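Keep in mind that what you see is a predicted model, and the values were worked out from it rather than measured. Excluded from the calculations below are hydrogen atoms, water molecules and symmetry mates; all remaining heavy atoms, backbone and side chain alike, are included. Just follow the structure's listing: the first ligand is 1, and inside any ligand the first atom is 1.
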Amino acid sequence: MVFISPHKFLENRDGTLYIDGVSVVELTDKFDTPLYVLSENRIRENFRNLRDALLKHYDKIRIYYSAKANTSLAVLRILRDEGAYLDAVSPGEVFLALKAGFQPEKILFTGTSVRNDELDFLVRTNVVINIDSISQLKRLIKIHVPEILSVRVNPEIGAGHHEHVITAGRNSKFGICEADVAKAYEIAKEAGVKRFGIHMHIGSGILSVEPFILAAEKLLEIAHHVRRSLGIKFEFMDFGGGLGVPYRLGEKPLNLEEYSERMLGLFRSKIREYDLGEPFFCVEPGRYIVCDAGILLTRVNTIKITPFKKFIGVDAGFNLLVRPVMYGAYHHIIVANRLNQPEEEVYDVAGPLCESGDILARDRPFPGVYEGDLLAILNAGAYGFVMSSQYNSRPRCAEILVKDGRYSLIRERESLEDLLRGQRLPEWLEH
Ligand SMILES: *Cc1c(COP(=O)(O)O)cnc(C)c1O
């Protein structure tokens with residue numbers, strides 16, 4: 001039994017990929033392809049590794065799972081059972097988190113360009129709101145003055161694996177800039193808000209500790225200023241998500257021990273120096289928790305050899321996994337039924353969409369690949385299914401959860417009928 005390093009829950013048994021003790025060949029025989037598969041054990045392990053690393057350095061910690069990485073109900077339920085808090089960015093995510101059993105006070109809503117009726121919904125559901133603009137704050141307190149409120153600060157330091165995922169800095173649409181932060185707390189305090197949090201989220205897919213530290217120093221300074229000028233004590237300080245995961249073999253993972261030690265070292269010394277009391281130290285990882293727990297299985301239906309290229313044609317495209325096309329992201333792909341065969345050819349992996357950009361991988365070494373083979377696209381648990389679409393009128397695929405040799409369908413494959421859902425013809429076209 002050989003592990004597919006570094007993913008210990010992915011095993012090579014006689015050339016076939018097993019996930020959490022389940023053969024992917026058996027899964028796809030039963031549920032067809034394309035198919036998302038998630039390992040429950042790996043999700044729990046990622047959560048616990050992070051929790052334990054943080055707890056070594058400070059007692060009052062909270063992990064808000066950032067639901068947008070993967071909102072499958074089963075995933076939310078697993079993380080609720082682990083004791084996670086939840087970061088929601090839309091009313092839909094709040095709705096799903098409540099359905100999964102999260103208590104409203106454990107849900108932090110961080111939206112941007114939030115409508116009044118959405119604020120109304122948040123107030124009614126009683127979740128904690130993290131304000132993204134003074135406009136949002138003013139509109140909120142007209143509807144209802146919450147007991148507790150947080151402010152998303154733009155620390156003007158951003159980072160991330162792609163321009164599109166950097167969520168702080170001078171050009172960012174997110175958060176409130178330093179110059180206006182105290183004003184936001186003042187408005188909230190005068191309106192009668194009693195308890196406060198402070199928040200930032202600088203970007204996604206960050207593999208080095210340095211950007212987190214620079215931004216955290218800034219957030220702590222800003223908190224200090226608010227504390228001094230308004231006398232506000234923070235119940236929690238949220239340093240955001242963005243903890244990266246290696247996608248390429250051999251890429252160095254984020255050093256969790258270094259992250260925890262340096263972030264909490266800084267936090268502990270600054271809360272003392274700045275008289276900030278003992279707030280909860282919060283992080284908001286999405287990708288870190290679920291990314292490597294998921295794979296996307298896709299069947300080879302076409303081998304096309306042109307004078308210029310060799311293409312592997314598969315049944316999943318950017319309708320199901322948009323990251324390669326949207327961010328130029330690398331996903332490692334293996335031939336799940338030929339794990340023991342040496343790489344001998346270079347191929348592009350092409351999806352079924354009528355779009356020349358629908359390529360999941362370029363110039364990758366593979367063993368000889370044949371029609372009917374099964375490819376596993378790794379690290380597909382975050383920003384995979386959640387970003388899927390029905391583009392080209394392709395129904396979305398099914399999703400399976402596996403655990404210790406057991407498996408369960410957690411999302412049905414859509415049917416052709418689902419393509420019609422909600423559509424109707426105007427009466428003048430009905431004939
Ligand atoms: C997306 C997002 C996160 C999580 O980002 P990851 O890179 O998946 O950890 C955390 N907080 C907020 C506000 C977000 O929008």
Does [X] reach ligand 1 with a nitrogen or oxygen that is under 3.5 Å from one of the ligand's nitrogen or oxygen atoms?
X    : answer
G242 : yes
E284 : yes
A69  : no
K68  : yes

Protein heavy atom at shortest distance from atom 4 (C) of ligand 1
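Looking at atom 4 (C) of ligand 1, the protein heavy atom closest to it is S66 OG, 3.2 Å.
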
Any side-chain donor near an acceptor of the partner, [X] and [Y], under 3.5 Å:
X    : Y    : answer
Y391 : E355 : yes
N130 : H199 : yes
S72  : N70  : yes
N319 : R394 : no
D132 : T112 : yes

Considering the heavy atoms of [X], write down every atom of ligand 1 situated less than 4.0 Å from one of them.
X    : value
R287 : 6 (P), 8 (O), 9 (O)
G286 : 4 (C), 6 (P), 8 (O), 9 (O)
P285 : 9 (O)
S204 : 6 (P), 7 (O)
G241 : 9 (O), 10 (C)

Got a salt bridge between R42 and D20, using NZ or NE/NH1/NH2 to carboxylate O under 4.0 Å?
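No, no charged N to carboxylate O under 4.0 Å.
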
Test: D373 and R338 ion pair at under 4.0 Å
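The answer is yes: the pair qualifies as a salt bridge.
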
Derivation and outcome, side-chain contact (heavy atoms from CB on, under 4.5 Å), residues L320 and M387
CA-CA 7 Å; L320 294 177; M387 294 177 100; over 6 Å; no

With a 4.0 Å heavy-atom cut-off (strictly under), which part of Y383 contacts ligand 1: side chain, backbone, both or neither?
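Near ligand 1, Y383 shows its side chain, while the N, CA, C and O stay back.
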
